[in-house]
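Keep in mind that what you see is a predicted model, and the values were worked out from it rather than measured. The chains referred to below are lettered A, B, ... by the order of the sequence lines, with proteins before strands, and numbering in each begins at 1.
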Amino acid sequence: MIDPKLLRSDPEGVAKILKRRGMQFDWQVLRDCEARRKAVQQRAEGLQAERNALAKRVGQAKARAEDVTPLLAGQEQLSRDLAAAQQELETILEKWRRLTEVLPNLPAADVPDGTTEEDNVEIRRVGAIAAKDFPVRDHVDLGDRLGMDFAAAARIAGARFVVLSGPLARLQRALTQFMLDLHTREHGYTEIYVPYLVNRDSLFGTGQLPKFADDLFHVKDAGLALIPTAEVPVTNMVRDAIVAGADLPLRWVAHTPCFRSEAGSAGRDTRGMIRQHQFEKVELVQVVEPADSARVHEELTAHAEEVLKRLDLPYRVMALCAGDLGFASRKTYDLEVWLPGSGRYREISSCSNFGDFQARRLNARYRQTGQKPETVHTLNGSGLAVGRTLVAVLENYQQADGRIRVPDVLVPYMGGLKELVPAAPRAS
RNA sequence: GGAGAGAUGGCCGAGUCGGUCGAAGGCGCUCCCCUGCUAAGGGAGUAUGGGGUCAAAAGCUCCAUCGAGGGUUCGAAUCCCUCUCUCUCCGCCA
């Protein structure tokens, strides 16, 4: 939610900033709506004050056992006027909500200009891409005899699911454990376990609703949806709360499955584990004081990068341009890992500073002792998307014979196993 | 799933037959006094959001909010309805 005070006082200025996202919106409608709101609210509140004063006089008269009928004369008209004014005000407020809750966050000043992915700016590249002296395979080919089974998943559930078995299942668990341990032991995050089904208010708070309902799996009977990311339940920890200033920053790390309908991406990334309806993710969330959020955004990104560094996976950091920013974000860095199988970098983490945008929708505040409550800032980032990390490990650690070397940091998590060995080709 | 009880300010908790209740009291917190330090004590203050006034802040003032939504009424924390959540007992169960 954009600060309503800003929206009311300078809708044109807001429209100008949102234009950087490639977004046109009719700010004059907002301005007119606001002008009417002010007039009607004043009228409605004036009538309410009148009614309250009358009720008070009636009460006092009754207490003195006086006849109250003369006082009640004319109140019918008042009731009708009041009801009409309130009705009108409600209509205007509803319109205001409808117009403003779909407005995305304002990009930070240092977000690069641009309209599409193509305009994102590479900030840095880390890790050398190892030259292979054999034909590289992608994770689907490699996984085929390691326990990656898309056919079984299709039978069980449908397209865009996968079954992992044996060492691959364990590798996924190892990656998860490694990430959780790194963030809890070295980066100061508290591990948190949360619901995987969330209600409408939670989805509204983080910005998935009302605009992006189609991206979710809904459990209609229960009025709930499967989480598309742990960001939703974790960030909602502070919804409708006033946190003590001394308790900030809040830092949480959660491992959850994520569920996405991928409506609108039919035909895209249909091969392999890159784009699934269900995938595992380790998510970092921070709730901080406004003055800290820009710095924390850099730190949180570094925390996610550290996972890639320790896995020795080559990656680059991209600053998203204004046109490519997510709905709720004021600034985002994407981490893209090198995938030899497709010869390109692929997003494996997205680290965003939401400023006060989510916090406003969530009504999430903090209070310094003796001060007024103030809106917090929220941030999050994948640390990392586990499924895609698994893909990256397979493709970057493959050997000429199809074996996968286990990254050093994962060996303890694999019970000492140093190599994944493909099963012999099936005799058929 | 069955039966019952409840939801009030940062926390606990009172609200009588609906009337001057944004709400007693306590705890906590803030400031001041007292005190060699600590402990104890005395005093004052202490919900949130919005509108108006103001250059702005302070102040003043108005409106809303006693789980949420609707209703009855001149007037609802108090009465009625629906929903959500919590608790107790029984049943079932990972």
**Message:** Could you check whether R36(A) pairs with E88(A) (Lys NZ or Arg NE/NH1/NH2 to Asp/Glu carboxylate O, under 4.0 Å)?
**Reply:**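 Salt bridge between R36(A) and E88(A), a charged N being under 4.0 Å from a carboxylate O: yes.
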**Asked** With the threshold set at 4.0 Å, does a side-chain nitrogen-carboxylate oxygen contact exist between R160(A) and E262(A)?
**Response** no
**Prompt:** Taking only N and O in the side chain of N52(A), is any of them less than 4.0 Å away from OP1 or OP2 of rC63(B)?
**Reply:** yes
**Asked** Counting just side-chain N and O atoms, does K5(A) come under 4.0 Å of either OP1 or OP2 of rG50(B)?
**Response**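 Checking rG50(B) against K5(A), a side-chain N or O does come within under 4.0 Å of OP1 or OP2.
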**Message:** Students often get this wrong, so: under 4.0 angstrom with heavy atoms, is R8(A) touching a base, only sugar-phosphate, or nothing?
**Reply:**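 Here R8(A) touches the backbone only, sparing every base.
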**Request:** Quick one: label Q42(A) by what it contacts on the DNA or RNA (base, sugar-phosphate, nothing), any heavy atom closer than 4.0 Å.
**Result:** sugar-phosphate
**Sub-4.5 Å side-chain heavy-atom contact between H255(A) and K281(A)** = no
**Request:** Would you indicate whether the side-chain heavy atoms of M273(A) and F150(A) approach each other to under 4.5 Å?
**Result:**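 Yes, their side chains come closer than 4.5 Å.
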**Asked** On the ring face of F178(A), is R310(A) found with NZ or CZ under 6.0 Å from the centre and within 45° of the axis?
**Response** no
From [atom1] of [X] over to [atom2] of [N], roughly how many Å is that when rounded to an integer?
| X | N | atom1 | atom2 | answer |
| --- | --- | --- | --- | --- |
| L78(A) | rU73(B) | CG | P | 15 Å |
| D67(A) | rC74(B) | CG | C1' | 13 Å |
| L47(A) | rA64(B) | CG | P | 12 Å |
| K56(A) | rG22(B) | NZ | P | 7 Å |
| I242(A) | rG10(B) | CD1 | C1' | 8 Å |
| Q368(A) | rC29(B) | CD | P | 17 Å |
| K372(A) | rG10(B) | NZ | P | 12 Å |
| Q86(A) | rG70(B) | CD | C1' | 14 Å |

Under a 3.5 Å cut-off for both contacts, is [N] paired Watson-Crick or G-U wobble with anything, and if yes, with which nucleotide?
| N | result |
| --- | --- |
| rG36(B) | none |
| rC83(B) | rG67(B) |
| rC60(B) | rG52(B) |
| rA23(B) | none |
| rG9(B) | none |
| rG75(B) | none |
| rC31(B) | rG43(B) |
| rG1(B) | rC90(B) |

**Prompt:** Taking the side chain from R21(A) and the backbone from G326(A), do they hold a donor-acceptor pair closer than 3.5 Å?
**Reply:**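 Looks like yes, one N/O pair under 3.5 Å.
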For the [atom1] atoms, the ones on [N] and on [M], what distance do you get once it is rounded to whole angstrom?
| N | M | atom1 | result |
| --- | --- | --- | --- |
| rA94(B) | rC87(B) | C1' | 23 Å |
| rC79(B) | rG19(B) | P | 11 Å |
| rA77(B) | rC21(B) | C1' | 8 Å |
| rG10(B) | rC83(B) | C1' | 28 Å |
| rG13(B) | rG52(B) | P | 40 Å |
| rG45(B) | rA40(B) | P | 22 Å |
| rG43(B) | rC60(B) | C1' | 26 Å |
| rC93(B) | rC85(B) | P | 24 Å |

Which nucleotide in the set [options] lies at the smallest distance from any side-chain heavy atom of [X]?
| X | options | value |
| --- | --- | --- |
| R37(A) | rG51(B), rC62(B), rC74(B) | rG51(B) |
| R365(A) | rU20(B), rG49(B), rG50(B) | rG49(B) |
| E45(A) | rU48(B), rG50(B), rG19(B) | rG50(B) |

**Request:** Classify the side chain of Q41(A) and the base of rG50(B) as holding, or not holding, a donor-acceptor pair under 3.5 Å.
**Result:**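 Checked by distance alone, the answer is no.
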**Prompt:** Yes or no on ring-ring contact (aromatic ring centres under 6.0 Å, His included) for F327(A) and F357(A), after CA distance, side-chain angles and deciding distance?
**Reply:** CA-CA 10 Å; F327(A) 175 74; F357(A) 186 86; 5.5 Å; yes
**Request:** Report the C-alpha distance between E90(A) and K95(A) in whole Å, list the side-chain angles of each, state the deciding distance to 0.1 Å, and finish with yes or no for salt bridge (charged side-chain N to carboxylate O under 4.0 Å, His left out).
**Result:** CA-CA 9 Å; E90(A) 189 42 51; K95(A) 182 178 178 190; over 6 Å; no
**Complete:** Whichever of R51(A) and G59(A) has the more 5' nearest nucleotide on RNA chain B, that residue is G59(A)
**Item:** 5'-most by nearest nucleotide on RNA chain B - R367(A) or K38(A)
**Value:**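 The residue mapped nearer the 5' terminus is R367(A).
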